[in-house]
Trainee: 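So that we are looking at the same thing, I have put the structure below in structure tokens.
Numbering of ligands and ligand atoms starts at 1, following listing order.
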Amino acid sequence: MSDTIFVLNGPNLNLLGTREPQIYGHDTLDDIVGQLEDRARALGLTIDMRQSNHEGHLVDWLHEAQARDAKAAIVNAGAFTHTSIAIHDAVKAIRTPVIEVHLSNPHAREEFRHHSYIGRAARGTIAGFGAHSYMLALEAAARF
Ligand SMILES: O=C(O)[C@]1(O)C=C(c2cccc(Sc3ccccc3)c2)[C@@H](O)[C@H](O)C1
């Protein structure tokens with residue numbers, strides 16, 4: 001197993017920090033990756049953070065996480081959380097442990113956000129703590 005943690009982000013998260021801070025906080029993905037890299041360095045780990053608006057990229061990157069024997073994959077699939085059987089199947093297909101994360105708490109929001117295809121396949125889920133959701137997931141992954 002390598003010391004690499006994949007951090008994979010889905011649609012619209014490239015716009016994070018620009019709108020709806022009351023839901024998603026003020027941090028951008030660049031802010032979050034900087035926080036993660038500082039902590040990962042202290043843990044002897046490496047972060048590989050990516051974002052795409054395309055479902056197939058996330059599927060390909062989950063396959064790559066396994067191919068590179070990643071220690072874990074932290075996944076915020078955004079809206080694909082609630083729609084993507086393809087990403088669910090990729091999470092089930094790989095040996096790499098996957099931690100689902102969300103900035104908001106989808107269960108406290110609209111009904112259509114209450115179901116997660118990713119959550120049904122992941123090792124666990126951390127949601128509702130803004131950027132800290134990612135940091136909590138890194139701490140959990142470090143103990144795998
Ligand atoms: O809370 C999350 O992290 C979540 O994964 C993120 C989502 C999301 C949705 C739209 C935009 C963004 S990122 C954003 C937020 C504000 C302005 C621009 C982009 C995230 C939702 O689709 C999900 O239901 C929940």
Trainee: Tell me, please, whether Phe144 has Arg123 positioned over its six-membered ring: NZ or CZ under 6.0 Å from the ring centre and within 45 degrees of its axis?
Mentor: yes
Trainee: Asn76 and Tyr134: side chain to side chain donor-acceptor pair (under 3.5 Å), yes or no, with the steps?
Mentor: CA-CA 9 Å; Asn76 184 346; Tyr134 288 79; 3.1 Å; yes
Trainee: Same cluster or not: are Leu13 and Leu62 linked, directly or through other Ile, Leu, Val, Met, Phe, Trp or Tyr residues, by side-chain heavy atoms under 4.5 angstrom apart?
Mentor: no
Trainee: Can you pull the ring-ring contact (aromatic ring centres under 6.0 Å, His included) pairs that have at least one residue in residues 59-107, sequence neighbours excluded?
Mentor: His57-Trp61
Trainee: Can you tell me how far the CG atom of Leu15 sits from the CD atom of Gln51, to the nearest 0.5 Å?
Mentor: 8.0 Å
Trainee: Using a cut-off of under 3.5 Å, which N/O atoms of ligand 1 pair up with protein N/O atoms, and what distance separates each pair?
Mentor:
| unit_1 | atom_1 | unit_2 | atom_2 | d |
| --- | --- | --- | --- | --- |
| ligand 1 | 1 (O) | Leu103 | N | 3.3 |
| ligand 1 | 1 (O) | Ser104 | N | 2.8 |
| ligand 1 | 1 (O) | Ser104 | OG | 2.5 |
| ligand 1 | 3 (O) | Asn76 | ND2 | 2.9 |
| ligand 1 | 3 (O) | Leu103 | N | 2.8 |
| ligand 1 | 5 (O) | Asn76 | OD1 | 2.8 |
| ligand 1 | 5 (O) | His102 | ND1 | 2.8 |
| ligand 1 | 22 (O) | Ala79 | N | 3.2 |
| ligand 1 | 22 (O) | Arg113 | NH1 | 3.1 |
| ligand 1 | 24 (O) | His82 | NE2 | 2.7 |
| ligand 1 | 24 (O) | Arg113 | NH1 | 2.9 |

Trainee: Do Glu100 and Thr81 meet the criterion of a side-chain donor-acceptor pair at a distance under 3.5 Å?
Mentor: no
